[in-house]
Asker: 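What follows is a single structure, and I will ask about it in a moment.
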Amino acid sequence: MQITDVRIRQVAKEGKMKAVVSITLDNEFVVHDIKVIDGDKGLFIAMPSRKTGEGEYRDIAHPINSGTRDMIQKTILDHYEKALEEGTLESAE
């Protein structure tokens, strides 16, 4: 599986969420609403999720192993940091 496209939209500068990302896999499948979060240990991604009736959030799409999650996170964060350096982030607003 290859990530063949990454689209990053910057969100308001306040708060922990820094961007919303869409990725395309193998030019055939798109995952929207992956979030770039600034946590206590640095940047990480949060997969798309929805709130359950009990008030918890559950991922609606996610990798099933840590190697795939690491690859997706590294690719997204590399693109995010490059876009920050180049000043090419589009606004999500």
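Sequential numbering from 1 along the given sequence is applied to the chain's residues. Remember, it's a predicted structure, so these values are computed and weren't measured experimentally.
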Asker: Is I60 reachable from V20 through a run of hydrophobic residues whose side-chain heavy atoms are each under 4.5 Å from the next?
Answerer: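 As far as the 4.5 Å side-chain criterion goes, I60 and V20 are not connected within one cluster.
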Asker: Check for a donor-acceptor pair, side chain of D26 on one end and backbone N or O of Q2 on the other, with a separation under 3.5 Å.
Answerer: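 Between the backbone of Q2 and the side chain of D26 there is a qualifying donor-acceptor contact (under 3.5 Å).
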Asker: Any salt bridge linking K82 with D78? Criterion: basic side-chain nitrogen under 4.0 Å from a carboxylate oxygen.
Answerer: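 Salt bridge absent between K82 and D78.
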Asker: Compare all side-chain heavy atoms of I34 with those of P48 and state whether any distance is below 4.5 angstrom.
Answerer: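 In short, these two side chains touch, coming nearer than 4.5 Å.
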Asker: Report the distance from atom NZ of K35 to atom CD1 of I76, rounding to the nearest 0.5 Å.
Answerer: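 Here the rounded value is 11.5 Å.
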Asker: Please check: side-chain N/O of N65 versus main-chain N/O of T68, any donor-acceptor pairing under 3.5 Å?
Answerer: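 Flag set: sc N65 to bb T68 pair under 3.5 Å.
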Asker: If you measure from OH on Y80 to CG on L43, what distance do you get to the nearest 0.5 Å?
Answerer: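 Interatomic distance, Y80 OH to L43 CG, rounded to 0.5 Å: 6.0 Å.
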Asker: Quick one about N27 and T4 (side-chain donor to acceptor, distance below 3.5 Å, no hydrogens or angles considered), yes or no?
Answerer: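 Judged by distance alone, the side chains do pair up.
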Asker: With rounding to the nearest 0.5 Å, note down the distance linking CD1 in I37 to CD1 in I45.
Answerer: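 One gets 10.0 Å once the value is rounded to the nearest 0.5 Å.
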Asker: Do V21 and F29 share a hydrophobic cluster (ILVMFWY, side-chain heavy atoms under 4.5 Å, transitive)?
Answerer: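 Linked within one cluster.
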Asker: Hey, is the main chain of H32 close enough, under 3.5 Å, to the side chain of S22 for a donor-acceptor pair?
Answerer: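 No, the answer is negative, given that no donor and acceptor are paired below the 3.5 Å cut-off.
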Asker: Using 0.5 Å steps for rounding, measure from the CG atom of D38 to the CE atom of M17.
Answerer: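 One finds 12.5 Å between CG of D38 and CE of M17.
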Asker: Any link between F44 and Y57 through a network of hydrophobic side chains (Ile, Leu, Val, Met, Phe, Trp, Tyr) touching at under 4.5 Å?
Answerer: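 F44 and Y57: separate clusters.
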Asker: Decide side-chain contact (heavy atoms from CB on, under 4.5 Å) for M71 and I3; before the verdict, give the C-alpha distance in whole Å, the side-chain angles of both, and the deciding distance to 0.1 Å.
Answerer: CA-CA 9 Å; M71 182 270 296; I3 297 175; 3.8 Å; yes
Asker: Measure the shortest side-chain to side-chain distance between V11 and R9 over non-hydrogen atoms and say whether it is less than 4.5 angstrom.
Answerer: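 Sidechains of R9 and V11: no contact.
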Asker: Taking atom NZ of K16 and atom CG of D40, what is their separation to the nearest 0.5 Å?
Answerer: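 Interatomic distance, K16 NZ to D40 CG, rounded to 0.5 Å: 5.0 Å.
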Asker: Measure the CG-CG distance between L25 and D5 for me, rounded to the nearest 0.5 Å.
Answerer: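 L25 CG to D5 CG: 10.5 Å, rounded to 0.5 Å.
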Asker: With R58, which residues qualify under side chain to side chain donor-acceptor pair (under 3.5 Å), at least two apart?
Answerer: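 In terms of side chain to side chain donor-acceptor pair (under 3.5 Å), with neighbours along the sequence ignored, R58 is linked to no residue.
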Asker: Is it true that M1 and I64 fall in one hydrophobic cluster, defined by side-chain heavy atoms closer than 4.5 Å?
Answerer: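 Looking at the clustering, I64 is in a separate group from M1.
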Asker: Can you confirm whether P63 sits close enough to M47 that some side-chain heavy atom of one is under 4.5 Å from a side-chain heavy atom of the other?
Answerer: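 Counting from C-beta outward, P63 and M47 do come under 4.5 Å.
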Asker: Is the count of non-hydrogen atoms from other residues, nucleotides or ligands lying under 6.0 Å from E56 atom CD greater than 12?
Answerer: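 Open: at most 12 neighbouring heavy atoms sit under 6.0 Å from CD of E56.
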